[in-house]
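See structure below.
Just so you know, these numbers come straight off a predicted model, no measurement behind them. Chain identifiers are assigned alphabetically (A, B, ...) following the order of the sequence lines, protein sequences preceding nucleic acid strands; residue numbering begins at 1 within each chain.
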Protein chains: 2
Amino acid sequence: MLPTYAAVDWGTTSFRAWAIDGNGNVLNETRARDGLTTAAERGFETVLEQHLSELGLGPDAPAVLCGMVGSRAGWVEAAYLETPLELGDLGARAIKVPGIARPVFILPGLAQRAAWEPDVMRGEETQLLGVVAEGYRTGLVCMPGTHSKWVSLSDGVIEAFSTFMTGELFQLLRSQSILKQAVDGEGAVAATPAFLDGVRRAFEAPALATNFLFSIRAGWLLHGAAPTDQAARLSGLLLGLELAGAAERHGDLHGAALLASGPIADLYVAAFEAIGMGAFRRLDADSCVRHGLAQAAISLFSKES
Amino acid sequence: MLPTYAAVDWGTTSFRAWAIDGNGNVLNETRARDGLTTAAERGFETVLEQHLSELGLGPDAPAVLCGMVGSRAGWVEAAYLETPLELGDLGARAIKVPGIARPVFILPGLAQRAAWEPDVMRGEETQLLGVVAEGYRTGLVCMPGTHSKWVSLSDGVIEAFSTFMTGELFQLLRSQSILKQAVDGEGAVAATPAFLDGVRRAFEAPALATNFLFSIRAGWLLHGAAPTDQAARLSGLLLGLELAGAAERHGDLHGAALLASGPIADLYVAAFEAIGMGAFRRLDADSCVRHGLAQAAISLFSKES
């Protein structure tokens, strides 16, 4: 029997929590910008207790946490597990936060230690546990973001994964580089023709990536290309480069699952179509992390009735 | 007959000038950090007159200028010429600065307007005029920098060129990205094994560029890789990506000329050797820009005796 508990996804810049009852019903939900930086100032326990109280959870309700909260810069370090990882084992490998009254567990991250392709994730492994719980146990998963992940799953096991700095490079180039004047610095990018052209070009000739980037400035200087188009082109170029890299590392991308929510999901769908990737499947990132936390909670909090 | 004149290379962050007599002898030289930003505040004429006076040049000595001083953000805009460009024509296409007593001419930059590979240079075309004057009239020229240029020369004509954002990306990633902690943020990079490994990996698998970048962080987190090694790896990865792009755009790199001075020249030589580029030729960037300005001065200032 499972008690009512808190499921928490706690990252560098955001905090999301759900109150879930013993039958798996979501009772309540909260989102805040209380990421690691804020929490490190105000105290992790203080921030957590405030949100759990808002969710109507009593002081005995256990909590399961994932994300950067388990990093060295977080609350309590939950050391990296290693590839290959049987996702069903994730809950049992959680770390209990010491010295506090409430039972709070933090899920570990995942490392790929191979000397020539070292890589890390923290939070995505819990989403992947949710993906497996939703029945997608074998195949490639694309998880877009500041640091996009591509993950090879085989029968519920993470075999290998690779991170691409797509989102961070987009923000850096958009706001800090010589391209700044040439691109629109605000707002979401849309899947315009300039975006799709960027995707195709970088996917077909990834070696020319940094030349294509400079052509954003040149196109603005010489042809007066519109900054909104050039921002879309920048996004498309970086996304096409990521797709070329994913294909190089993981093989055929056909049939991959896309784990994303909101506008970024639409951009990736458009990019997949632009390079002729067929039969991909969409999964919702929000529901996957909640399902993953719920799976871990079952391992951690179930008591024989 | 050529009078004594000033040859000036005036960029965004630097000012270099030489006093040269009618026989081509360098009489005097100055370097300052009076780039465009400083000059826009103090006045271009004021800055120029101060330096020419320090060089011992009288008020009648003409001056020939190249670099960003001729851009829209510079003193007087010298509109871009277009590829293909016969370099011998460069001097005759200079713009005279109006409204001042001294005869001052600014050399134009060069644009490649092709819709799918727009590109620009300003200053490098004058160095290339020097390259041609030194007898290298046909072949590929590599000009490393914040925005590295690769140029295809054919019998003294610039046929095509491509810019790679190598140096700027290195600075951005080193100082502003999540890699910041993992790399040493100061000083020049050396051609260490980590640098050479980075060059080879990115050259062989350019699609994985942004994955290799993230592995710099992962290697630091997981294996405690030394920040000086990781800075060298970062530099090597970006340089290897540039070499892959240059090969994609310009074909075989064998026999290219390297136009660079100082530590960056040594890094490129090591990178060329790492990918098995044979028989390349080194040219000195400083002497090429001076020779290019001197060639332009002959077109501009020679009088029949």
Side-chain angles (χ1 to χ4, degrees), chain A residues 71-72 80 82 111-121 146-150 162-166 168-169 171-173 175-179 197 201-203 205-223 225 238 240-249, chain B residues 71-72 80 82 111-121 146-150 162-166 168-169 171-173 175-179 197 201-203 205-223 225 238 240-249:
Chain A
S71 71
R72 207 168 297 175
Y80 294 113
E82 294 191 24
Q112 182 168 275
R113 292 192 181 269
W116 296 123
E117 44 189 37
D119 215 322
V120 289
M121 65 166 68
T146 304
H147 302 135
S148 298
K149 311 281 181 192
W150 285 78
S162 50
T163 303
F164 297 85
M165 288 183 64
T166 309
E168 181 169 3
L169 280 170
Q171 286 305 335
L172 272 178
L173 288 164
S175 61
Q176 309 277 333
S177 80
I178 198 177
L179 306 184
D197 184 67
R201 280 176 190 280
F203 183 74
L208 287 169
T210 80
N211 172 245
F212 289 143
L213 292 178
F214 189 77
S215 78
I216 289 172
R217 177 168 170 83
W220 171 75
L221 282 170
L222 297 177
H223 303 305
L238 293 169
L241 181 59
E242 176 183 327
L243 294 176
E248 172 100 16
R249 186 70 95 199
Chain B
S71 70
R72 205 167 298 173
Y80 294 112
E82 294 191 25
Q112 182 166 275
R113 293 191 179 268
W116 295 124
E117 44 189 37
D119 216 324
V120 289
M121 66 166 66
T146 303
H147 302 135
S148 297
K149 310 280 181 192
W150 285 77
S162 50
T163 303
F164 297 85
M165 288 183 64
T166 308
E168 181 170 4
L169 279 170
Q171 286 305 334
L172 272 178
L173 289 164
S175 61
Q176 308 277 334
S177 81
I178 198 175
L179 306 184
D197 183 68
R201 279 176 191 281
F203 184 72
L208 286 169
T210 81
N211 172 245
F212 290 143
L213 292 178
F214 190 77
S215 78
I216 288 172
R217 177 167 170 84
W220 172 74
L221 282 170
L222 298 177
H223 304 306
L238 293 169
L241 181 60
E242 175 183 328
L243 294 176
E248 172 100 13
R249 187 69 96 199

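Here L222(A) is the residue among V120(A), L222(A), T166(A) with the most heavy-atom pairs under 4.5 Å with chain B. Counting heavy-atom pairs closer than 4.5 Å to chain B, the top-ranked of the candidates R201(A), E242(A), R217(A) is R201(A). When the candidates D197(A), L208(A), L173(A), L169(A) are compared by the number of heavy-atom contacts under 4.5 Å with chain B, L208(A) comes out ahead. For the set A244(A), S177(A), G219(A), S215(A), the entry with the most heavy-atom pairs within less than 4.5 Å of chain B is S177(A). Each of G245(A), A207(A), A218(A) has some count of heavy-atom pairs under 4.5 Å with chain B, and the biggest count is that of A207(A). Options E168(A), R72(A), Q171(A) differ in how many heavy-atom pairs under 4.5 Å they form with chain B, and the most are formed by E168(A).
To the nearest 0.5 Å, atom CG of residue L213(B) and atom OG1 of residue T163(A) are 11.5 Å apart.
Taking both residues in full, the closest heavy atoms of H223(A) and A114(B) are given as NE2-O, 4.4 Å, listed atom of the first, atom of the second, then distance.
Checked by atom type and distance alone, the side chain of Q176(A) never pairs as donor or acceptor with a backbone atom of L172(B) at under 3.5 Å. Side-chain atoms of T210(B) come within 3.5 Å of backbone N or O of M165(A) as a donor-acceptor pair.
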Query raised in the report: Passes side chain to side chain contact (heavy atoms under 4.5 Å, CB included), H147(B) versus I178(A)? Steps please.
Result: CA-CA 10 Å; H147(B) 302 135; I178(A) 198 177; 3.3 Å; yes
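Taking 4.5 Å as the limit, some side-chain heavy atom of L221(A) sits within range of a side-chain heavy atom of Y80(B).
When heavy atoms are compared at a cutoff of 4.5 Å, F212(A) approaches chain B solely by way of its side chain, counted from C-beta outward. For a residue to count as touching a neighbouring chain, one of its non-hydrogen atoms must lie under 4.5 Å from one of that chain's; by this rule Q112(B) touches chain A with the backbone only.
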